[in-house]
Amino acid sequence: MSTVVDAPKVADANEDANGNFLNDKKVTVVFVLGGPGSGKGTQCANIVQHYGFTHLSAGDLLRAEIKSGSENGAMIQNMIKEGKIVPSEVTIKLLHKAMLDSGNDRFLIDGFPRNEENRAAFENVTKIEPEFVLFFECSEEEMERRLLNRHQGRDDDNIDTIRKRFKVFVESSIPVVEHYDSRGKVRKIDAGRPIEEVFNAVKDTFSPYSEKARY
Ligand SMILES: Nc1ncnc2c1ncn2[C@@H]1O[C@H](COP(=O)(O)OP(=O)(O)OP(=O)(O)O)[C@@H](O)[C@H]1O
Ligand SMILES: Nc1ccn([C@@H]2O[C@H](COP(=O)(O)O)[C@@H](O)[C@H]2O)c(=O)n1
Ligand SMILES: [Mg+2]
């Protein structure tokens, strides 16, 4: 995507430029975006180990909601199978509760906001602005290869749904990345490389944050 440019690093993560609070506690939120299979979950696990963030994957929260027997379970399951984006009111409720329950003050929010509706819902409900957006850029060929080799039993890791997810990503999620890019908040990472190399690049974007034990 040509409109996304490398932005400067956060000058000083200890400066509270945004004034973000969750229940009176100052918090830092980083959104982690990228196409399906770009490696968001893999890299978030590494970031958690080094920088003490709590990793909240919107997709994982939605899958847990299906398993919980929630009244929204069938609807969520159908949306995921079709590669569609679940209504924001459902996802924001799960995310907000998980943030409040965690007790941490650093959050990696993975796979959210996925569209403009998600973004507006997060802003309206939490009043929190992300510190920055980590954006994993990867070719569709490579992402498709990774997803077809993931073998985690996900309903949406089949070629028909993968193609639908790619389309939704381009049409609905890229505009969100562009929104944050126009505000200088996007940290673009070449995610087509081996996992360790990608993490080295990720570490550069987290350098303003002190190393902190896993939360
Ligand atoms: N840099 C990489 N090189 C090769 N394989 C990778 C790399 N990063 C992740 N993988 C593998 O690709 C698959 C998808 O990775 P991961 O689950 O982290 O992606 P994701 O962006 O979270 O995907 P989704 O949006 O579907 O949740 C996994 O099997 C993972 O082990
Ligand atoms: N904000 C979101 C995030 C995810 N979904 C649905 O879950 C599917 C899987 O998401 P992953 O991040 O785990 O790949 C996704 O394709 C959507 O159907 C959502 O609706 N809203
Ligand atoms: Mg994931």
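First listed ligand is number 1; within each ligand, the first listed atom is number 1.
Residue contact check for ligand 1: R165 places a non-hydrogen atom closer than 4.0 Å to it. Distances from ligand 1 to the non-hydrogen atoms of R154 include at least one value under 4.0 Å. Ligand 1 lies within reach of P194, whose nearest heavy atom is under 4.0 Å from it. Distances from ligand 2 to the non-hydrogen atoms of R63 include at least one value under 4.0 Å. The closest approach between any non-hydrogen atom of S38 and ligand 1 is below 4.0 Å.
Using a 4.5 Å cut-off on side-chain heavy atoms (C-beta onward), H96 and L22 make contact. Between V29 and E129 there is no side-chain heavy-atom pair separated by less than 4.5 Å.
Remark: ligand 1 and G37 share an N or O pair separated by less than 3.5 Å (distance only, no angle test). Polar contact with ligand 2: present for G111 (N/O pair, distance under 3.5 Å). An N or O contact shorter than 3.5 Å links K84 to ligand 2 by distance. Considering backbone and side-chain atoms together, V86 places an N or O closer than 3.5 Å to an N or O of ligand 2. Remark: ligand 2 and D156 share no N or O pair separated by less than 3.5 Å (distance only, no angle test). Where the criterion is an N or O separation shorter than 3.5 Å, residue side chain and backbone included, K40 meets it with respect to ligand 1.
What you find for M143 and C138 is that their closest heavy atoms are CE-O, 3.5 Å. Of all the heavy atoms in K26 and D105, the pair that sits closest is O-CB, 3.5 Å. Of all non-hydrogen atoms in Q43 and I195, the two that sit nearest each other are NE2-O, 3.2 Å. In terms of heavy-atom proximity, K40 sits nearest to V32 at CD-O, 3.7 Å.
Nearest to atom 19 (O) of ligand 1 among the protein's heavy atoms is G39 N, 3.3 Å. At the top of the distance list for atom 14 (O) of ligand 2, counting protein heavy atoms only, stands R154 NH2, 3.0 Å. In this structure, the protein non-hydrogen atom closest to atom 11 (C) of ligand 1 is R146 CD, 4.3 Å. Closest protein heavy atom to atom 22 (O) of ligand 1: G41 N, 3.0 Å. Distance from atom 19 (C) of ligand 2 to its nearest protein heavy atom, with residue and atom name: L62 CD1, 3.5 Å. Counting only heavy atoms of the protein, atom 7 (O) of ligand 2 lies nearest to I80 CG1, 3.6 Å.
Taking every non-hydrogen atom of I85 and a distance limit under 4.0 Å, the qualifying atoms of ligand 2 come out as 20 (O), 21 (N). For ligand 1 and P36, the ligand atoms under 4.0 Å from any heavy atom of the residue are 25 (O). Ligand-side atoms of ligand 2 in range of G59: 10 (O), 13 (O), range being under 4.0 angstrom from any heavy atom. Applying the 4.0 Å criterion to heavy atoms of N118 picks out, from ligand 2, the atoms 1 (N). Here is the list of ligand 2 atoms found below 4.0 Å of a heavy atom in F112: 1 (N). For ligand 1, the atoms lying closer than 4.0 Å to a non-hydrogen atom of R193 are 1 (N), 2 (C), 3 (N). Against a heavy-atom cut-off of under 4.0 Å, L147 is close to the following atoms of ligand 1: 26 (O). Less than 4.0 angstrom separates some heavy atom of T42 from each of these atoms of ligand 1: 9 (C), 15 (O), 16 (P), 18 (O), 30 (C).
Proximity annotation for atom 11 (P) of ligand 2: of K40, R114, R165, R114 comes nearest, heavy atoms only. When the heavy atoms of Q43, R150, R63, R114 are ranked by distance to atom 14 (C) of ligand 1, first place goes to R150.
In E89, the CD atom is not crowded: 12 or fewer heavy atoms of neighbouring residues, nucleotides or ligands sit closer than 6.0 Å. Within a 6.0 Å sphere centred on NZ of K167, other residues, nucleotides and ligands contribute 12 heavy atoms or fewer. Within a 6.0 Å radius of NZ in K93, other residues, nucleotides and ligands contribute 12 heavy atoms or fewer.
Under the 4.0 Å criterion applied to side-chain N and carboxylate O atoms, E144 and R163 are assigned as salt-bridge partners. Of the charged side-chain nitrogens involved, none lies within less than 4.0 Å of a carboxylate oxygen, so that K127 and E123 do not count as a salt-bridged pair. K97 has a carboxylate O that lies under 4.0 Å from a charged side-chain N of D101, or vice versa, which qualifies the two as a salt bridge.
When ring centroids are compared, F132 and F31 stay outside the 6.0 Å threshold. Proximity of the aromatic rings of F206 and F53 is defined here by a centroid distance below 6.0 angstrom, and this criterion is met. Aromatic ring centres of H50 and F199: separated by under 6.0 Å.
Side-chain N/O atoms of D204 and S207 include no donor and acceptor closer than 3.5 Å.
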